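Note on naming: letters A, B, ... go to the chains in the order of the sequence lines (proteins, then strands), and numbering restarts at 1 for each one. Bear in mind the structure is a predicted one, so any value in this text is a computation, not a measurement.
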Amino acid sequence: MRIIEIDNVSFHYKAGTPVLENVNLNVDKGEWITILGHNGSGKSTLSKLLVGLLRAKQGTIRVANVELSETTVYDIRKKIGIVFQNPDNQFVGVTVRDDIAFGLENLQVPRGEMIERIEQYAQKVDMADFLNKEPHNLSGGQKQRVAIAGILAMETDIIIFDEATSMLDPKGRNTILSMMKQLNDEGVTVINITHDMKESLYGDRIVVLKEGRILKDDTTKVVLADHKTLEKSSLEMLLPLRVLRALEAKKVDNEKVRSYLWQLSLTG
Amino acid sequence: MKNIVIGRFVPGKGFLYRMDPRTKIISLVLLMASAFVIRNFTAMFMAIGFMALLLVAGRINIFRVLSGLRPLMYLLAFTFIFQLLFNTQGDLVVAWTLHYSPLNILMVTALVMLWFFTKRHVKFKFFFFLATLVGAVALVANLRLGPAFATGTLDIYESALTTGFFIVMRLMIIVTLSTVLTLTTKPTDLNLGLESVMSPLKVFRIRTEEMAMIISISLRYIPTLLDEANKIMLAQASRGVDFSEGKFKAKIMQIVSLLVPMFIISFKRSDELANAMEARSFVPGQPRTRLHQLTWGLADTAALVVSLLALTAVITTRVVM
Amino acid sequence: MAIKFNRVDFKYKGDDKKGYLALSNISLSIQGEGEFITLIGETGSGKTTLVQHMNALLVANSGSVDIYGIKVEKQAVKKKKIRLNPIRKKVGLVFQFPEYQLFEETVLKDITFGPKNFGVPEAEAIETAQRVIRIVGLDESYLDRSPFNLSGGEKKRVSIAGILAMEPDILILDEPTSGLDPMGRNALLKVFYDIHEKLNKTVIIITHDMNTVYEYAKRVLVMRDSYLVYDGDPVDLFTTKNIENWNLDVPDILNLMHRMEQDLGITLTSRPRSAAALTNALEEVLR
């Protein structure tokens, strides 16, 4: 079932310098798609278009069969949540509890239900013991978990992670990634925006963006094997594929090693 | 730097902590008004007694309240001295002849020197300063050492003393009450209370909810911004900026090198924060439910009644007497 | 020895009386030339605090830090007995976010800001700026631009140029590549490596990227809960220490080597630290 349909969308801040050009993209319910792209490829702009923080200059976006417009944007935001890159700049509440409550207050959820949901989702992201803590007492990873809880509590179907792990240390990154995996297993549609090829291994599908255009949109395995596209994309191929390509260039031909590296290139 | 909190809330137990912030705000206003209306000594002493009772019953550390008064001390002293010198109503209470002789002036200089060199070892600096001041005047008035080259007079009138006393007491009561409010109320509760108390202003199209949201976000980001300012200062110090240097030109440069990054970072922050809020369905002006709710208790009603009675009482006495 | 830590403790003042312990009993030495050090560890383990002691931005609560023969101690700094600027000129520190330091109208002014604070004449500072802007991989046309209209990667380069212009012996970079895409990161790492190789400066990098550590570092420092738990060779760190306890990842190259050894029985004689070296080593084995 289609949950997001992006049809021929273009966007620019200044006329003549397009940020996104003729983007077509469909996302199915429950899918995990990775949007890969270099800095300035337009991937964050795409996420802002999806939640109506920016308005497309051309084309249409439909979320759960509703076309995004001035009037529908508020309903669509109930369906899509977004976790941004900087953990500090999306923490609205004075405490963890207040922050998770923020979205619920906006949705006018009754207080009793609000309290229940806060407990439930704080537990889910493993932050139940931190409900009274203030943001400056939390690590970056913990703040991102609070952000996730805040969105989960709003019971959205789709979560966009906009470079949500790029400012975290390895431990923080790993917890966020495994949380994404768990949510996706439970049916949440995940859109992960990143420039780290390794993160794409978790997803079903990869969309490669370059300079505002979609370079490739296919299953994870197909894209990871497509060295031509990856070389064009200004991204870094996974190490096994890089080594494989270098061996090929040196004309070292060992079938066993070749197929082994090939396998690793697709599964990490 | 992370721990500066506006209003300096100090966690504690007493009944004032459990009270609804609305009660505290309204009572504060009523009691402040009462303090202004008071014009006789008995009432003023009763008010002071009431304050003391409040502090004791509320289990509030009196030294904390006093330290809240400290920055005000010099203003109070100035007001009082101003009254002494320029208020000429009522009976003459003190009529001193001031005797300026070289020896007297020498004595006063010696006293000032004594104050200057010993003040760092004295605990209550302000009172020490006051005592020195009074001592100096008393010296000039009472000692007659050697021939005077000039004389002056110091006349103090009754009304100067009483008016001065009332002004000082009123200011002290106001500051003490405000300190008690901020000391016993969490900034978030205070904000919630203010929003609620101000909500009638909606009639005049003042958007109290949004004001409350702004205050709440400021409370959230003040520690972050202070932390940021600290980092910027360190980054500039790394490039040779000496923030302790006092030359005017250097100062300007220091301030610019701190403020420009501060502004740019804050703008970026607020832009991202606005996006995050909007993405989580925040729409300015739209009704919201609230996680935090204020609960009105019996104690609140009682406190409000007492405050109202106090105001009525002082007004009545003033009208009647 | 350019920098010498001797049993350094440091505590941030906190909400409660205890404060927040950021450095515990740190002893280490750093040479004034030829070192390439990476400093790693979890968020909050004390990495940034440690490097801020290296140019006397912070001063130890107990113990001492010797920087180019100047003993930086609490009392001495408080009473202004030592001048800190000569230290800061020798040990340049680039903060994580370029936004913390950029404030002038043009890139040129921003780069010459540091040198001028240290008393370098304007003409000489401008010459230096023209030189360092190329070292960081930008060209001279950037000098007239406003630092605020640059991309994230360019801002970062300008902020590094601003420190390089002070001509420090030791260059410290706090998470210089976080948030950059792989191309941007690799290009910047190349810049640091060149600064280290060609100018023979000591470079210290704080990073969360284990691949950077494995490929570039000659020496690694690992911080954990305010303690310095490792100071030594990167290969030893990842092959002999229990790095999971310190919440570190295994570098990709090492990971791939392990797996090939396990699954294919291919054992390499050398310890390749870059993709190219790994390919060469494999070529040797397979031919």
- Message: Using a 4.5 angstrom heavy-atom cutoff, name the option from P182(C), G44(C), S178(C), S151(C) with the most pairs to chain A.
- Response: P182(C)
- Query: Within a radius of less than 6.0 Å around NZ of K221(A), do more than 12 heavy atoms belonging to other residues, nucleotides or ligands occur?
  - Reply: no
- Quick one: what part of N254(A) sits under 4.5 Å from any heavy atom of chain C, side chain, backbone, both or neither? side chain
- Would you call R134(C)-D139(C) a salt bridge at under 4.0 Å N-O? no
- Task: Among the options I253(C), I40(C), D263(C), pick out the one with the most heavy-atom pairs lying under 4.5 Å from chain A.
- Result: D263(C)
- Item | Per-residue contact mode, N174(A) against chain C (heavy atom under 4.5 angstrom) | side chain
- Query: In terms of heavy-atom proximity below 4.5 Å to chain A, should M210(C) be classed as side chain, backbone, both, or neither?
  - Reply: side chain
- Query: With the threshold set at 4.0 Å, does a side-chain nitrogen-carboxylate oxygen contact exist between D231(C) and R219(C)?
  - Reply: yes
- Item | Student check: side-chain heavy atoms of R273(C) and P234(C) closer than 4.5 Å | yes
- Query: Tell me, side chain or backbone of L264(A) under 4.5 Å from chain C's heavy atoms, or both, or neither?
  - Reply: side chain
- Is any side-chain heavy atom of L54(A) closer than 4.5 Å to a side-chain heavy atom of F11(A)? yes
- Note on the structure: The interface call for N186(C) against chain A, heavy-atom contacts under 4.5 Å, is side chain
- Message: If we define contacts as heavy-atom pairs under 4.5 Å, which of A249(A), P170(A), P240(A), S166(A) has the most with chain C?
- Response: P170(A)
- Residue part contacting chain C, namely of L168(A), when any heavy atom lies under 4.5 Å: backbone
- Task: Tell me, for R185(C) versus chain A, whether the close heavy atoms (under 4.5 Å) come from the side chain, the backbone, both or neither.
- Result: side chain
- Item | Heavy-atom check, side chain of K218(C) versus side chain of I37(C), under 4.5 Å | no
- Mind checking whether Y216(C) and Y214(C) have ring centres under 6.0 Å apart? no
- Item | Region of L180(C) in contact with chain A, defined by heavy-atom distances below 4.5 Å | both
- Task: Report yes if some heavy atom in the side chain of L268(C) is under 4.5 Å from a heavy atom in the side chain of L278(C); otherwise report no.
- Result: yes
- Mind checking whether D9(C) and L23(C) have side chains closer than 4.5 Å, heavy atoms only? no
- Closest-packed option against chain A by number of heavy-atom pairs under 4.5 Å, given L282(C), T43(C), N255(C): T43(C)
- Task: Examine whether an atom of L264(C) lies under 4.5 Å from a heavy atom of chain A, and if so say whether it belongs to the side chain, the backbone or both; otherwise answer neither.
- Result: both
